[in-house]
K.L.:
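Quick one: structure below, then a few questions.
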Amino acid sequence: MTNIKNNDLLLDTISSTENFPINFNELEQAAKQKLAAGPFGYIRSSAGGEETYRKNTESFAKYSIVPRFLTDVSVLNTEVTIFGRTYPHPLFIAPVGVNKIAHVDGEIAVAKAAAKYEFPYIQSTVSSYAIEEIAAVTEGSSKWYQLYWSQNKEISFSMVKRAEEAGYEAIVLTVDTVMLGWREEDIRNQFSPLKRGFAKGNYASDPVFMASLPDYDEDTIINSIIENIYHPSLNWDNIAELKERTSLPILIKGILHPDDAKLAFEKGIDGIIVSNHGGRQLDGVIASIDALPTIVDAVAGRIPVLFDSGIRRGSDAVKALALGATAVCIGRPFLWGLASGGQAGVERVLENFLQETKVSISLSGVRNLNELHKLKIVKS
Ligand SMILES: Cc1cc2nc3c(=O)[nH]c(=O)nc-3n(C[C@H](O)[C@H](O)[C@H](O)COP(=O)(O)O)c2cc1C
Ligand SMILES: O=C(O)C(=O)c1ccccc1
């Protein structure tokens with residue numbers, strides 16, 4: 001719990017701040033100075049004409065907070081309990097692969113920063129570092145594993161087993177990326193992190209994957225990752241198979257339709273993440289924040305509903321939580337922090353994000369997440 005009276009968060013931050021970019025645009029500009037065009041474009045850009053990417057952030061501005069005052073906000077409790085574990089705040093790290101394109105320390109730096117600020121870390125299948133390497137540097141802190149289904153499904157089950165053994169606490173199956181979206185910036189830059197070997201961490205360390213190869217040449221490994229990650233046949237039967245192979249809670253990431261949310265619940269899924277993958281998959285789809293309210297209605301509190309795509313600052317998190325999200329995940333902001341300053345850069349981004357979120361909750365006149373879920377939001 002934060003005692004706001006004795007801890008003015010803005011003044012705290014000012015007295016501890018060296019010169020580091022604060023908001024998203026500044027962070028993006030700082031990262032642009034550090035990165036080559038290929039990696040920068042890969043992270044920044046999204047699919048098609050980037051209509052959904054723009055909508056993700058512009059749509060937040062349509063929702064306005066209607067605060068209450070005189071409610072004594074001197075003590076703030078941002079705790080949230082998901083699958084029996086209580087987290088100090090409802091802020092997660094979205095699964096993002098190929099982090100070495102941003103910084104040599106890649107996911108190691110991000111996971112350590114996340115552990116320090118108690119943001120649960122969702123590790124991507126296509127990470128530059130392996131499940132066990134992340135677990136080794138983040139002992140005791142909460143981690144979930146994001147699964148990209150493999151053509152050879154035994155590889156998926158092997159990765160899930162490794163995640164279980166390494167102490168990961170949930171599986172997040174991403175369903176919107178059965179193939180990569182149409183990303184023009186990457187064609188322009190002729191840049192594919194997969195082809196350049198940045199996604200190898202979990203594959204080159206996987207016994208089932210490695211045993212499936214005719215030889216261990218770099219090209220063989222990379223081509224087999226590319227073959228496996230293309231999985232257009234993914235369907236609800238695979239969900240049933242996955243459920244049989246793990247006792248961990250399973251979330252589906254990429255839900256945008258309330259009927260898919262209902263189906264997920266009916267099929268025994270434990271949680272969903274409302275997301276359009278930051279606009280990187282199908283351009284023209286609904287902004288994630290516009291999809292959230294109907295999905296929250298459809299789920300009716302039966303399973304947690306996490307949210308990502310377009311979260312840029314604390315007040316965005318407040319809006320998503322007020323619209324019914326159980327927790328929110330941040331994506332690109334931490335990547336820009338990573339590119340700008342490695343682990344220290346991610347720490348600064350998370351610290352500012354956390355502080356702004358806390359201040360925003362308090363200034364809305366609410367004191368805990370139950371009250372926050374009832375905070376009035378109007379849409380213009
Ligand atoms: C460079 C990059 C790589 C990503 N890799 C993955 C991934 O491996 N698995 C996944 O489920 N989502 C991945 N995502 C999507 C994020 O989890 C998240 O949905 C998205 O970043 C949210 O949009 P925002 O960053 O604009 O807020 C990736 C996003 C970016 C920017
Ligand atoms: O770029 C992405 O959004 C993503 O999810 C991904 C998929 C495969 C390899 C690397 C990243």
Side-chain angles (χ1 to χ4, degrees), residues 24 27-28 31 35 38-47 50 52-60 91-103 106-107 110 121-128 144-150 159 171-183 185-186 191-203 222 225-231 251-256 272-282 285 287-289 291 306-313 316-317 320 328-339 349 353:
F24 185 80
L27 281 163
E28 187 177 287
L35 298 178
F40 176 77
Y42 189 80
I43 297 166
R44 188 212 61 76
S45 72
S46 51
E50 305 195 341
T52 295
Y53 175 74
R54 286 189 295 276
K55 259 196 282 199
N56 274 345
T57 45
E58 285 165 6
S59 290
F60 270 97
L91 309 174
F92 280 59
I93 301 291
V96 168
V98 299
N99 284 190
K100 263 195 185 177
I101 68 172
H103 190 278
E107 293 85 5
V110 179
Y121 181 72
I122 310 181
Q123 189 189 347
S124 163
T125 289
V126 286
S127 296
S128 307
W144 294 0
Y145 184 68
Q146 177 266 323
L147 183 66
Y148 274 139
W149 197 254
S150 280
M159 288 181 177
I171 302 297
V172 174
L173 179 72
T174 299
V175 296
D176 58 16
T177 309
V178 298
M179 59 194 79
L180 279 182
W182 181 256
R183 303 179 187 173
E185 184 76 357
D186 300 336
F191 185 78
S192 161
L194 278 173
K195 289 194 171 173
R196 292 184 193 216
F198 288 106
K200 274 189 318 195
N202 287 322
Y203 292 94
I222 288 173
I225 293 173
I226 291 171
E227 279 165 27
N228 269 293
I229 208 147
Y230 176 74
H231 55 283
L251 300 95
I252 293 184
K253 173 172 181 275
I255 298 284
L256 292 172
I272 59 174
I273 305 185
V274 174
S275 168
N276 60 29
H277 212 108
R280 299 165 68 79
Q281 284 302 101
L282 174 60
V285 303
S288 211
I289 194 70
L306 280 73
F307 175 90
D308 79 26
S309 298
I311 297 278
R312 297 291 175 263
R313 54 170 59 257
D316 298 333
V328 304
C329 313
I330 72 162
R332 286 182 177 95
F334 83 73
L335 278 166
W336 295 144
L338 176 64
V349 170
F353 184 68

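We count ligands from 1, going down the list as the structure has it; atoms in each ligand are counted the same way.
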K.L.:
With a 4.5 Å limit on heavy-atom distance, are the side chains of S46 and R332 in contact?
P.N.:
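They are in side-chain contact.
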
K.L.:
Is the backbone N or O of S127 less than 3.5 Å from a side-chain atom of E107, with the two atoms forming a donor-acceptor pair by type?
P.N.:
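A pair under 3.5 Å: no.
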
K.L.:
Considering heavy atoms of the protein only, find what lies nearest to atom 12 (N) of ligand 1 and give residue, atom and distance to 0.1 Å.
P.N.:
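Going by distance alone, atom 12 (N) of ligand 1 is nearest to K253 NZ, 2.9 Å.
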
K.L.:
With heavy atoms of D308 as the reference, note each atom of ligand 1 found under 4.0 Å away.
P.N.:
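Those qualifying, in numeric order: 17 (O), 18 (C), 19 (O), 22 (C).
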
K.L.:
Quick one: pull up OG1 in T57 and CZ in R312 and give me the separation to the nearest 0.5 Å.
P.N.:
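That separation rounds to 6.0 Å.
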
K.L.:
Within a distance under 4.0 Å of any heavy atom of S124, pick out the atoms of ligand 1 and give their elements.
P.N.:
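Going through ligand 1 atom by atom, the ones under 4.0 Å from S124 are 7 (C), 8 (O).
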
K.L.:
For V126, counting its heavy atoms only, list the atoms of ligand 1 lying under 4.0 Å from any of them.
P.N.:
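Here the atoms of ligand 1 in question are 8 (O).
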
K.L.:
For ligand 1, is there an N or O atom under 3.5 Å from any N or O atom of Y148?
P.N.:
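Yes; at least one N/O pair falls below 3.5 Å.
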
K.L.:
Could you identify the single nearest non-hydrogen protein atom to atom 20 (C) of ligand 1 and state the distance to 0.1 Å?
P.N.:
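The answer is G278 N, 3.8 Å.
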
K.L.:
Does G310, backbone or side chain, put an N or O under 3.5 Å from an N or O of ligand 1?
P.N.:
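Yes - when backbone and side-chain N and O of G310 are compared with those of ligand 1, one distance drops under 3.5 Å.
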
K.L.:
Using a 4.0 Å cut-off to any heavy atom of S275, which atoms of ligand 1 qualify?
P.N.:
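The atoms of ligand 1 under 4.0 Å from a heavy atom of S275 are 19 (O).
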
K.L.:
Measuring from atom CD of E58 to atom OH of Y53, what distance do you get when rounded to the nearest 0.5 angstrom?
P.N.:
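Answer rounded to 0.5 Å: 10.5 Å.
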
K.L.:
Sub-3.5 Å donor-acceptor pair from the side chain of S128 to the main-chain atoms of F198, do we have one?
P.N.:
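It does hold such a pair.
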
K.L.:
Dump all N/O pairs between ligand 2 and the protein below 3.5 Å as a table: atom names plus distance, one pair per row.
P.N.:
residue	atom	partner	partner atom	Å
ligand 2	1 (O)	Y42	OH	2.4
ligand 2	1 (O)	R183	NH1	2.7
ligand 2	1 (O)	R280	NH2	2.9
ligand 2	3 (O)	R183	NH2	3.2
ligand 2	3 (O)	H277	NE2	2.8
ligand 2	3 (O)	R280	NE	2.8
ligand 2	5 (O)	Y148	OH	2.6
ligand 2	5 (O)	H277	NE2	2.9

K.L.:
What protein heavy atom sits nearest atom 21 (O) of ligand 1, and how far away is it?
P.N.:
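Nearest neighbour among protein heavy atoms for atom 21 (O) of ligand 1, to 0.1 Å: G331 CA, 4.0 Å.
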
K.L.:
For N276 versus S288, what's the shortest heavy-atom pair and its separation?
P.N.:
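For N276 versus S288, the nearest heavy atoms are ND2-N, 3.4 Å.
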
K.L.:
Without swapping roles, check the side chain of Q146 against the backbone of V172 for a donor-acceptor pair under 3.5 Å.
P.N.:
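No: the side chain of Q146 does not pair with the backbone of V172.
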
K.L.:
Heavy-atom contacts under 4.0 Å between R332 and ligand 1: side chain, backbone, both, or neither?
P.N.:
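Within the 4.0 Å criterion, R332 contacts ligand 1 through backbone and side-chain atoms alike.
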
K.L.:
Run the contact test for V96 against ligand 1 with a 4.0 Å cut-off on heavy atoms, strictly below, and give the result.
P.N.:
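In this structure, V96 qualifies as a contact of ligand 1 - some heavy atom is under 4.0 Å.
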
K.L.:
Do the side chains of F334 and V110 get nearer than 4.5 Å, heavy atoms only?
P.N.:
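The answer is yes; the side chains approach within 4.5 Å.
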
K.L.:
At a 4.0 Å threshold, what atoms of ligand 1 neighbour a non-hydrogen atom of A94?
P.N.:
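Reading through ligand 1 atom by atom, the close ones are 17 (O).
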
K.L.:
Does the side chain of Y145 come under 3.5 Å of the side chain of T125 through a donor N or O and an acceptor N or O?
P.N.:
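Indeed, the side chains of Y145 and T125 share at least one donor-acceptor pair under 3.5 Å.
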
K.L.:
Does either side chain, that of H231 or that of S150, offer a donor lying less than 3.5 Å from an acceptor on the other one?
P.N.:
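The criterion, which ignores hydrogens and geometry beyond distance, is not satisfied for S150 and H231.
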
K.L.:
Does the N or O separation between G97 and ligand 1 drop below 3.5 Å for any pair?
P.N.:
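Yes.
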
K.L.:
Please report whether ligand 1 has a polar contact with Y42, defined as an N or O pair separated by less than 3.5 Å (distance criterion only).
P.N.:
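Min N/O separation from ligand 1 is not below 3.5 Å for Y42.
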
K.L.:
OH/Y121 to CH2/W144 distance, rounded to the nearest 0.5 angstrom?
P.N.:
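The CH2 atom of W144 is 14.5 Å from OH of Y121, to the nearest 0.5 Å.
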
K.L.:
If you take all heavy atoms of L256 and A291, which pair is closest and at what distance?
P.N.:
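Result for this residue pair: O-CB, 3.7 Å.
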
K.L.:
Please list the nearest protein heavy atom to atom 6 (C) of ligand 1 with its residue and the distance rounded to 0.1 Å.
P.N.:
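In this structure, atom 6 (C) of ligand 1 has P95 O, 3.2 Å as its nearest protein heavy atom.
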
K.L.:
Please write down residue, atom name and distance for the protein heavy atom closest to atom 11 (O) of ligand 1.
P.N.:
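Sorting protein heavy atoms by distance from atom 11 (O) of ligand 1 puts T174 OG1, 2.7 Å first.
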
K.L.:
So, regarding R280 and ligand 1 (criterion: nitrogen or oxygen to nitrogen or oxygen, under 3.5 Å), is there a contact or not?
P.N.:
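For ligand 1, there is no N or O atom that lies under 3.5 Å from one belonging to R280.
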
K.L.:
Any nitrogen or oxygen of P333 lying under 3.5 Å from a nitrogen or oxygen in ligand 1? Just yes or no.
P.N.:
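No; every N/O pair is 3.5 Å or more apart.
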
K.L.:
Less than 4.5 Å apart, side chain to side chain, heavy atoms only: is that true for V175 and W149?
P.N.:
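Side-chain contact under 4.5 Å: no.
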
K.L.:
Of the non-hydrogen atoms in S124 and N202, which two are nearest, and what is the gap between them?
P.N.:
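It is O-ND2, 3.1 Å.
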
K.L.:
Taking the six-membered ring of F191, is the NZ or CZ of R183 close enough (under 6.0 Å from the centre) and on axis enough (within 45°)?
P.N.:
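No, R183 does not sit over the ring of F191.
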
